[in-house]
Amino acid sequence: MPVDPEAAITITAYDWVPDFAQGQVRDLRVRWALEETGQNYAVRYLSQGQQKEAAHRALQPFGQVPTYEEGDLTLFESGAIVWHIAERFPGLRPTEPAGQSLSLEWLFAALNTLEPPIMDRAQMTIFEVAEPWAGPRLPSIDERINERLQEASDRLGTAEWLGGSFSAGDLMMVSVLRIIEGEGLVEAFPNLADYVARATERPAFQRALSDQLAGFTGNPPPGFDEWMADLRAKQGELA
């Protein structure tokens with residue numbers, strides 16, 4: 001569905017992020033859910049820094065994106081928003097109670113079991129790459145990630161989706177696995193790599209990704225170019 005400035009649903013997103021974060025900011029998960037359920041939505045874009053201002057903190061107390069507004073309801077946290085969309089509109093939640101519980105189970109597993117070590121890895125390989133503890137910590141982080149990927153791979157087996165038909169649980173699981181796509185971790189498990197490919201080939205995902213990327217029309221904050229040059233220099237020293 002096209003992004004509609006007059007839509008009843010409004011989400012927030014950044015108007016600029018570094019190249020390495022484009023296609024990964026968590027509003028993509030919400031856009032994808034809205035696309036899967038056929039809902040129009042509007043986007044309120046924030047420049048870097050605005051997310052920490054009082055007006056946005058009234059919606060998101062931690063100063064992050066996304067947020068979701070629909071009538072008198074305001075939500076934050078991508079998992080809560082995606083599950084609300086799944087409950088509110090048909091398309092992402094199985095009709096039978098057991099299937100609904102399985103979908104919610106996998107949504108929580110993605111956020112609570114897989115995402116923490118994956119985000120630890122991002123912290124060590126991007127933001128803290130030059131710190132003395134980064135290199136020594138990385139092997140243990142990768143070991144934890146591989147253990148979780150093996151367990152997820154074992155459970156998925158030859159199935160197309162976790163828990164039956166494509167649902168909010170799959171949407172969130174694939175969103176998390178995409179963070180390390182191309183790093184050789186997911187690719188070590190062919191059924192998980194195929195699972196991610198199957199999900200991201202869905203037209204709803206492609207529309208959501210295209211719309212997110214098209215929204216990055218803003219400018220970096222002051223000092224970003226210098227920070228990025230310093231980061232690349234440190235990464236080069238450690239290569």
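- Between Q64 and H56 there is no side-chain heavy-atom pair separated by less than 4.5 Å.
- Between the side chain of S103 and the backbone N or O of G169 there is at least one donor-acceptor pair closer than 3.5 Å.
- Remark: E69 engages R44 in a salt bridge, criterion side-chain N to carboxylate O under 4.0 Å.
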Given L185 and N146, is the side chain to side chain contact (heavy atoms under 4.5 Å, CB included) satisfied, shown in steps?
-> CA-CA 7 Å; L185 296 166; N146 277 310; 3.9 Å; yes
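- Within a 6.0 Å radius of CZ in F108, other residues, nucleotides and ligands contribute 12 heavy atoms or fewer.
- Shown here for L162 and D170, the closest heavy-atom pair between the two residues is N-OD1, 2.9 Å.
- The six-membered or imidazole ring of W16 lies away from that of Y45, with a centre-to-centre distance of 6.0 Å or more.
- Hydrophobic clustering, with ILVMFWY side chains joined whenever heavy atoms are under 4.5 angstrom apart, groups L73 together with I81.
- Taken from CE in M119 to CG in L114, the straight-line distance is 13.0 Å, to the nearest 0.5 Å.
- Between Y41 atom OH and I9 atom CD1 the span is 10.5 Å, to the nearest 0.5 Å.
- Atom CD of E143 sits in a sparse spot, with 12 or fewer heavy atoms from other residues, nucleotides or ligands closer than 6.0 Å.
- Distance alone, capped at 3.5 Å, is enough to place a donor-acceptor pair between the Q212 side chain and the V25 backbone.
- Between E147 and R144 there is no salt bridge, since no side-chain N of the basic residue sits under 4.0 Å from a carboxylate O of the acidic one.
- For the residue pair D15 / S47, no side-chain donor-acceptor distance below 3.5 Å is found, with atom types taken as modelled.
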Show your working on side chain to side chain contact (heavy atoms under 4.5 Å, CB included) between I85 and E36 and close with a plain yes or no.
-> CA-CA 10 Å; I85 293 168; E36 289 283 355; over 6 Å; no
Residue pair D154, Q150: steps toward the side-chain hydrogen bond (donor to acceptor under 3.5 Å, both in side chains) verdict | CA-CA 6 Å; D154 290 345; Q150 181 67 67; 2.8 Å; yes
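- Side chain of S153 to main chain of L149: no donor-acceptor pair is present (N/O by atom type, distance under 3.5 Å, no hydrogens or angles).
- With hydrogens and angles disregarded, no donor-acceptor distance shorter than 3.5 Å links the side chain of E115 to the backbone of A109.
- Closest heavy-atom contact between R29 and V82: O-CG2, 3.7 Å.
- Atom-to-atom distance recorded for L107:CG and S167:OG is 8.5 Å, nearest 0.5 angstrom.
- Closest approach of A199 to V174, counting heavy atoms only: CB-CG2, 3.6 Å.
- Neither W32 nor F76 shares a network with the other; the hydrophobic side chains, linked directly or stepwise wherever heavy atoms of I, L, V, M, F, W or Y lie under 4.5 Å apart, form separate groups for each.
- I180 and L138 fall within the same hydrophobic cluster, defined by Ile, Leu, Val, Met, Phe, Trp and Tyr side-chain heavy atoms under 4.5 Å apart, directly or through other members.
- Looking at T113, its side chain never comes within 3.5 Å of a backbone N or O of A110 through a donor-acceptor pair.
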Please lay out, stage by stage, how F166 and L171 fare under the test side chain to side chain contact (heavy atoms under 4.5 Å, CB included).
-> CA-CA 8 Å; F166 181 82; L171 185 154; 4.0 Å; yes
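- D27 pairs by the salt bridge (Lys or Arg N to Asp or Glu O under 4.0 Å) definition with R31, not counting sequence neighbours.
- The backbone N or O of P94 lies less than 3.5 Å from a partner atom in the side chain of Q100, making a donor-acceptor pair.
- Not counting sequence neighbours, R57 has no partner by the salt bridge (Lys or Arg N to Asp or Glu O under 4.0 Å) test.
- Of the possible polar contacts, one joining the T200 side chain to the V196 backbone as a donor-acceptor pair under 3.5 Å is found.
- V176 and L102 are members of different hydrophobic clusters when ILVMFWY side chains are connected at heavy-atom separations under 4.5 Å.
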Could you walk me through whether E35 and R202 pass the salt bridge (Lys or Arg N to Asp or Glu O under 4.0 Å) test, one step at a time?
-> CA-CA 10 Å; E35 292 288 351; R202 294 174 70 88; over 6 Å; no
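- Residues E131 and R137 are not paired through a salt bridge, judged by the lack of any N-O separation under 4.0 Å between the basic side chain and the carboxylate.
- Contact between P116 and L111 at its shortest, heavy atoms only, is CD-O, 3.3 Å.
- In this structure the side chain of L28 reaches within 4.5 angstrom of the side chain of F205, judged on heavy atoms.
- With rounding to the nearest 0.5 Å, the separation of CE in M172 from CH2 in W106 is 14.5 Å.
- Using a 4.5 Å cut-off on side-chain heavy atoms (C-beta onward), T12 and V43 make no contact.
- Taking NZ from K52 and CD from Q50, the interatomic distance works out to 13.0 Å, rounded to the nearest 0.5 Å.
- At least one donor-acceptor pair under 3.5 Å links the side chain of Q60 to the backbone N or O of F62.
- With sequence neighbours excluded, the residues forming a side chain to side chain contact (heavy atoms under 4.5 Å, CB included) with E87 are W83, R93, listed by chain and number.
- Between I145 and I118 the shortest heavy-atom distance is CD1-CA, 3.9 Å.
- Ring-plane geometry between Y68 and H84 is classed as perpendicular, the angle between the planes exceeding 60 degrees on a 0 to 90 degree scale with a lower cut at 30.
- A donor-acceptor contact shorter than 3.5 Å links the side chain of T125 to the backbone of R121.
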Full working for side chain to side chain contact (heavy atoms under 4.5 Å, CB included) between L192 and L156 = CA-CA 8 Å; L192 290 183; L156 178 64; 4.0 Å; yes
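- Within the 4.5 Å cutoff, side-chain heavy atoms of M173 are placed close to those of Y195.
- Shown here for R26 and V65, the closest heavy-atom pair between the two residues is CB-O, 4.3 Å.
- Within the cation-pi definition used here (under 6.0 Å to the ring centroid, within 45° of the axis), R198 qualifies as a partner of W161.
- Grouping the Ile, Leu, Val, Met, Phe, Trp and Tyr side chains by contacts below 4.5 angstrom, directly or via other members, places V30 apart from L59.
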